[in-house]
Each structure stands twice: as structure tokens, then as C-alpha cells.
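The structure under discussion appears below in the form of C-alpha cells.
Hydrogens, waters and symmetry mates are skipped; everything else that's a heavy atom, side chains included, is used.
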Amino acid sequence: MKYKLILGALCAVVASSAAAKASTLEDVKARGLLNCGVNTGLVGFAAPDATGKWTGFDVSICKAVAAAVLGDASKVKYVPTTGQTRLTALASGEIDLLSRNTTWTFSRDVDLKLTFAGTNFYDGQAFMVPKSAGINSAKDLNGATICIQTGTTTELNLAEYAKLNGITYDSVPVESSAEGQQKYIAGACDVYTSDASDLASVRSSFKNPDDHVILPEMISKEPLGPIVRQGDEQWADVVHWTLNALIAAEEFGVTKANVEEMATSSNNPEVKRILGAEGDLGKQFGLDNAWAKRAIAVDGNYGEIFEANLGEKTPIAMHRGPNALWNKGGLQYAQPFR
């Protein structure tokens, strides 16, 4: 019922808001600042450091779009959002772009009239338990107390999984990953469920990460990606193709270090089009032709961004898995730039 109420409230916001009818690209250019919705704090994805500087996988998407549109990756206002406030913030026009681990679903796309500009992370819902509990499978969670973020697909996924597997549970609602972490560590719940990436981030911050286990089952598909308001195709295209440029750059070997050189030395026609050495792709949606080159120059290509924030050499220690490129056993690939 709570989920339906949230959907209804968001639909009302969308219906009454004129923000989606305006040109977001023009607004961002006139303002000289991109308002980007992010997580309230999820290490590896979006979190401020001790000086207030935001870093993370989702933050890099905000920076890439700002560089493409405004020519300066620092021209971003990061707006922390929770599972309950994120979609309302976007629908109301408070933010121009939501770059926060948010699942692409039918209702969000169709009913809430939001546009997902691509999938930048393929994820799935999982469960974390103390190793000392001796639990090896999600099917052994009958009677457990489970911490779960409200206003998320996680609530519905858990309810459906429990029904299908004859599991009963008591839920402990939390509003953010940080609150979930605190309650889980304090023993307010036996289990913490969220996207596997969220759990990996949370576990990496524990004093003794190895004392906690992420169970092997993935009970859902969670395609995550940047979101804009429906009805502004130009802005959706800008965000979509900026993400595509980062993915294509990895495939073609364009990196943060060599992007300037590749713009002039590459013999690949598609690379030339992406980097603005040939054609007028940028001009077709209101930018100059160096937009993608600037986006890639910020934090590098998709692979560089993944490895710097989430990769095996970071505390998160995530394998690429389905987030590897299509030609390396994964699902990530960019649509053709032609």
C-alpha cells in the first residue's frame, strides 16, 4: 500500500509540474550548473569525503554530463536523495538528472513518466548476514528480522520472494543505506537486504568485513541507470549518449590519458565521430562536437570509472561480471555513433 501511495503522489507531481515541458538543456546552460541527484552516502557510488568533495561511480556520470554540456566537470550541485525522495526530486524539477542506484521498472518508466537514459550497472537484490549465524542460503531466512529500505523495489522483491518460497519475516524499515548499516550492526535486524552492490559497499566499511557474508542468491534483476524527466527528448539524448560515449570509449581503447591524442590520430571513423574530429553529432542535440571528448577526459572511460570506484583493487572489490563489455562476456555496449 505504501508503494502505491508513493506512486500516486509522484504521478500528481508529474501532472502538475511544468518542468518536464521546459528545455532542461537550456535551463542547465543558463544556470551554469547541473543539479544532480545522488545517494545520501554510498561508498563507491556517491559519497562526500571529509572535505565535502563527492566521489563515486554515479558521481562520475554527473561530472561527465556537466563536462559535455557546460565544459566544466566541477559545475555540479550534488543533491543527496533517499529512496523515498529521489523520484519526487526529479519529477518536481529540483534536480535535472538522477544518478543514483535506481532500478529501471515498468511503473517508473510508464506510470511515473520518467525516462531511463540507459543502464550503467546491472545488479540484483541479495542478502547479508553475520557469518556467525551459519546461514548459507536465502531460503534459510524463515522467521528472520530483515532491514529493508522503504520506497524501493527491494520491498516488493522481498515480499514476492518470501511468498514464493514460504518464508515469513519481520521487516525493519530504514530510509537510507547508512541507517540500514547502523541498525544491522546494532543487531536491530538479523539480515540486511538490498542490491548486491549496496551490500558490498556497506560491508567494505565494517571494521571486520569478513565477519559478514553476502548470500549467493540474487532474487531479482536490478538494471540501474541515470534518469531524466519524460517529455524532454533532447535532454534524455544528451544523458543517454554521454553514457554511451563512456562505454564506447572503453571498447575502442580511448582513455582519460589518450583521449586528446586519439581525437587526432585515430583511423577509426566511429572514434573520430565520437571525439568530434569528423561529423556534427554534437550539433544535432545542441552541443558542440567536442562534448564526448570532454566527458571522457574527466574520469576516463566506463571501465576506468568502474575500476577506480568499484573494482577489485578498491575496498568494494567487485568483479565486472555482467558489467563487462559485450565482447568480454558482459552486457555493456554502446549503440552505434553514426
Side-chain angles (χ1 to χ4, degrees), residues 10 19-20 24-25 27-28 33-40 42 44-47 54-70 73 75-83 85-105 108-109 112-123 152-153 195 197-198 222-250 285 287 291-292 294-296 298-306 309-310 323 331-335:
L10 284 170
T24 308
L25 179 60
D27 289 346
V28 172
L33 191 70
L34 172 70
N35 294 327
C36 200
V38 293
N39 203 295
T40 53
L42 184 61
F45 285 89
W54 285 84
T55 61
F57 181 82
D58 290 331
V59 168
S60 287
I61 300 299
C62 300
K63 292 166 64 179
V65 172
V69 174
L70 300 173
K75 300 296 185 181
V76 182
K77 177 184 177 182
Y78 296 100
V79 181
T81 62
T82 68
T85 65
R86 55 187 169 172
L87 301 180
T88 304
L90 178 62
S92 68
E94 179 184 354
I95 56 177
D96 308 304
L97 165 66
L98 180 64
S99 183
R100 181 197 187 281
N101 48 321
T102 301
T103 304
W104 190 341
T105 69
R108 289 171 177 170
D109 192 340
L112 300 187
K113 301 189 183 332
L114 301 175
T115 295
F116 284 77
T119 299
N120 67 350
F121 194 92
Y122 290 94
D123 209 347
T152 66
T153 57
D195 292 348
S197 60
D198 188 354
E222 306 293 331
L224 314 179
I227 316 173
V228 298
R229 290 179 293 277
Q230 200 175 96
D232 190 342
E233 293 303 316
Q234 180 188 39
W235 182 242
D237 285 343
V238 168
V239 178
H240 174 78
W241 287 102
T242 298
L243 172 59
N244 270 322
L246 301 179
I247 296 170
E250 180 181 8
F285 56 18
L287 302 180
W291 63 277
R294 290 194 300 271
I296 297 163
V298 179
D299 287 331
N301 62 41
Y302 177 88
E304 290 179 288
I305 292 170
F306 188 101
N309 295 288
L310 306 171
N323 293 297
L331 299 175
Q332 290 289 1
Y333 73 86
Q335 288 80 47

Mind running side-chain contact (heavy atoms from CB on, under 4.5 Å) on W235 and V65 for me, showing each step along the way?
CA-CA 10 Å; W235 182 242; V65 172; 3.9 Å; yes
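- A pairwise comparison of heavy atoms in N309 and G56 identifies OD1-CA, 3.2 Å as the closest pair.
- With values rounded to the nearest 0.5 angstrom, F121 atom CZ is found 4.5 Å from N323 atom CG.
- Atom-to-atom distance recorded for D27:CG and L34:CG is 11.5 Å, nearest 0.5 angstrom.
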The test is side-chain contact (heavy atoms from CB on, under 4.5 Å); show your working for V69 and W291 and say whether it passes.
CA-CA 7 Å; V69 174; W291 63 277; over 6 Å; no
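- Of all the heavy atoms in A295 and A68, the pair that sits closest is CB-CB, 4.4 Å.
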Verify side-chain contact (heavy atoms from CB on, under 4.5 Å) between T103 and L224, making sure each step is shown before the conclusion.
CA-CA 5 Å; T103 304; L224 314 179; 3.5 Å; yes
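- At least one donor-acceptor pair closer than 3.5 Å links the side chain of S92 to the backbone N or O of T88.
- The two residues F45 and L310 have their closest heavy-atom pair at CE1-CD2, 3.6 Å.
- Inter-residue side-chain proximity for L25 and F285 is flagged as unmet; no heavy-atom pair is nearer than 4.5 Å.
- Between K77 and I95, every side-chain heavy-atom pair lies at or beyond the 4.5 Å cut-off.
- With values rounded to the nearest 0.5 angstrom, T55 atom OG1 is found 9.5 Å from D299 atom CG.
- Using a distance-only test at 3.5 Å, with no hydrogens or angles considered, no donor-acceptor pair links the side chain of R86 to the main chain of L98.
- Put simply, the side chain of T24 does not reach to within 4.5 Å of the side chain of V228, judged on heavy atoms.
- For the atom pair SG (C36) and CG (D96), the distance works out to 8.0 Å, reported to the nearest 0.5 Å.
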Given L246 and E304, is the side-chain contact (heavy atoms from CB on, under 4.5 Å) satisfied, shown in steps?
CA-CA 9 Å; L246 301 179; E304 290 179 288; over 6 Å; no
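- Between the E222 side chain and the D195 main chain, no donor and acceptor come within less than 3.5 Å of each other.
- Considering all non-hydrogen atoms of both residues, S60 and I305 come closest at CB-CG2, 3.7 Å.
- Taken from OG1 in T115 to NE2 in H240, the straight-line distance is 11.5 Å, to the nearest 0.5 Å.
- Across all non-hydrogen atoms, the minimal contact from T152 to G83 is CG2-CA, 4.4 Å.
- A heavy-atom distance below 4.5 Å is found between the side chains of R108 and F116.
- Checked by atom type and distance alone, the side chain of Y122 never pairs as donor or acceptor with a backbone atom of Q332 at under 3.5 Å.
- The CG atom of D198 sits 8.5 Å away from the CG atom of D123 when rounded to the nearest 0.5 Å.
- Looking at heavy atoms from C-beta onward, D58 lies out of side-chain contact with N39 at the 4.5 angstrom threshold.
- When every heavy atom of A117 is checked against every heavy atom of L243, the shortest pair comes out as O-CD2, 4.0 Å.
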